[in-house]
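A short worksheet on the structure shown next.
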2 protein chains.
Amino acid sequence: MPNTKPLSISRQSLQRMPLYLEHLKKLRADGSSHVSAAFLAAELGLHPVQVRKDLAAVSKVDGNPRVGFALEGLIEDMAEFLGCKNAHEAVVAGVGNLGRALLSYKNFDRYGLSIIAGFDSDPAIIGTTVHDKEIFNVSRLSELCGRFAVHIGIITAPAQFAQDICDAMVLGGIKAIWNFAPVHLNIPDDVIITNENLAASFAALSSRLRQRGEGLGV
Amino acid sequence: MPNTKPLSISRQSLQRMPLYLEHLKKLRADGSSHVSAAFLAAELGLHPVQVRKDLAAVSKVDGNPRVGFALEGLIEDMAEFLGCKNAHEAVVAGVGNLGRALLSYKNFDRYGLSIIAGFDSDPAIIGTTVHDKEIFNVSRLSELCGRFAVHIGIITAPAQFAQDICDAMVLGGIKAIWNFAPVHLNIPDDVIITNENLAASFAALSSRLRQRGEGLGV
DNA sequence: TAGATTGTTAATCGATTAACAATC
DNA sequence: TAGATTGTTAATCGATTAACAATC
């Protein structure tokens, strides 16, 4: 059984997938039935070959010279690939402004993702709901992760609590962590992690701006 | 005048810089005066050579065999590099949950970053303040960007408004955009952009988890 | 048919990692 | 001194881009 598809898709490709899906849906809504890689690439500011490779990685839909790819099949395969059908659930620990924003974020639905509960240590918000999701005491984090059979944990708590929360999540059976706390977390090898550091992103953008400004002698 | 330092630092390096700064400060607070690249690398889960290169790119502090780098100078240079001294200001358009979270985010201070105002179209919140920052009518976006002499714009509005907001920002003199709307924005060449797609990140993490699960036959 | 568009192989580019001599 | 640690050059790795024959 020859394996034509690469076993794993690059992280960068993976990040682009939701953008394709979004744009393909838009094109379909506009009444198109086909799309060429070149067109899609131009719209999204990507390289045409990159687009073709990305599409080939997740879909068996063959492109057609002159007409491009059939939108319908592409959308179906892309949705399938991204797991939009079998929903993926997560919990979020740290219900400050950011946690609250994620609990209320509507775009997750489109990819079959949902945050089903929040955890915090503040008695004032434990027991309340945000966007219809209940907020539990963080002390019950590992217990409830197990009970909910959730495998994705999101950390939006202050840095000093992040490692403890992380440990509790791992104990509760969490296999993937989306970490917004600006610290390096120690995790077992079988748990995957994505670090999302907003301050670092902002600072990096600001530095790029300054570098460019200097380069131009401004 | 030979140019020893590379003109530009890679995007990835740039993203790591705030993490170094954070960790270096922590070490200093713990009473250390020096740190070795190997130690720092282990703490942050990076490669030692990578750390040395990164440090060398922003600091003239020479490492010392046996003792490592002097913390004090390193922190100073890193802070200088990241522009923590001359504060950088931004405005945010779209004061929903996410915009609100960014307006209230405390970690930005540490890098001399601040969001000075918000913009929205909802009459109910125009004129109110969030974390002491006033919310203006989005119709005044370009006017006020110019008046405030702000060069960084953050877009946290729904996707369908993003391009218009972006255009208004560019018109107002914005030179760097941090875009949270899940769409590709068309901008002039002299404006830099960082796209932050939360749904895409979440979806990518979820896909990685699923891929791994399949690989292990779970 | 002619030409737009695909899919694939090879070249390029950039970042990370390995190797190692220099040095405090 | 001996050995930990640096700084740098070369090798590796991975992703993007270029080139081009195949095809509807």
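Proteins get letters first, then strands, A, B, ... in listed order; numbering begins at 1 in each.
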Which nucleotide in the list D:dA4, C:dA4, C:dA18 gets nearest to the side chain of A:Pro65?
C:dA4
Closest to the A:Ser36 side chain: C:dG3, C:dT5, D:dA4?
C:dT5
Could you say whether B:Ala37 or B:Lys53 is positioned toward the 5' end of DNA chain D, judged by the nucleotide with the nearest heavy atom to each?
B:Ala37
Re C:dA15: Watson-Crick or G-U wobble partner, both distances kept under 3.5 Å, found to be D:dT12
C:dT5 OP1/OP2 closer than 4.0 Å to side-chain N/O of A:His34:
no
Can you tell me the pairing partner of C:dC24 across any strand shown, Watson-Crick or G-U wobble, with both distances under 3.5 angstrom?
D:dG3
So, is A:Arg52 close to the C:dT6 phosphate, meaning a side-chain N or O under 4.0 Å from OP1 or OP2?
yes
In this structure, how many angstroms lie between the C1' atom of D:dT16 and the CG atom of A:Leu46, rounded?
11 Å
Residues from residues 10-18 of chain B sitting under 4.0 Å of DNA chain C, heavy atoms only?
B:Ser10, B:Gln12, B:Arg16
Tell me which of A:Asn64 and A:Gln50 sits closer to the 5' end of DNA chain D, going by the nucleotide each one is nearest to.
A:Gln50
Could you give the CG-to-P distance, from A:Leu40 to C:dT5, as a whole number of Å?
13 Å
Output the single nucleotide from C:dA2, C:dC24, D:dT8 whose closest atom is nearest the side chain of A:Arg66.
C:dA2
Evaluate the side-chain proximity of A:Phe119 to A:Leu144: yes if any heavy-atom separation is below 4.5 Å, no if none is.
yes
For the residue pair A:Phe108 and B:Phe202, is the inter-centroid distance of their aromatic rings smaller than 6.0 Å?
yes
Establish, from distance only, whether the side-chain atoms of A:Ser207 and A:Arg210 form a donor-acceptor pair under 3.5 Å.
no
Least distance between heavy atoms, B:Leu113 atom then A:Ala203 atom:
CD1-N, 3.6 Å
To the nearest angstrom, the CD1-P distance between A:Ile9 and D:dG14 comes to 16 Å
Using a distance-only test with no angle check, is there a side-chain donor-acceptor pair under 3.5 angstrom linking B:Asp54 and B:Gln50?
no
What are the two closest heavy atoms between B:Met169 and B:Ala93, and how far apart are they?
CE-CB, 3.8 Å
Any donor-acceptor pair under 3.5 Å linking the side chain of B:Ser201 with the backbone of B:Asn197?
yes
Would you kindly compare A:Val67 and A:Val49 by the position of their nearest DNA chain C nucleotide and give the one closer to the 5′ end?
A:Val67
side-chain N/O A:His47 vs D:dA15 OP1/OP2, d < 4.0 Å:
no
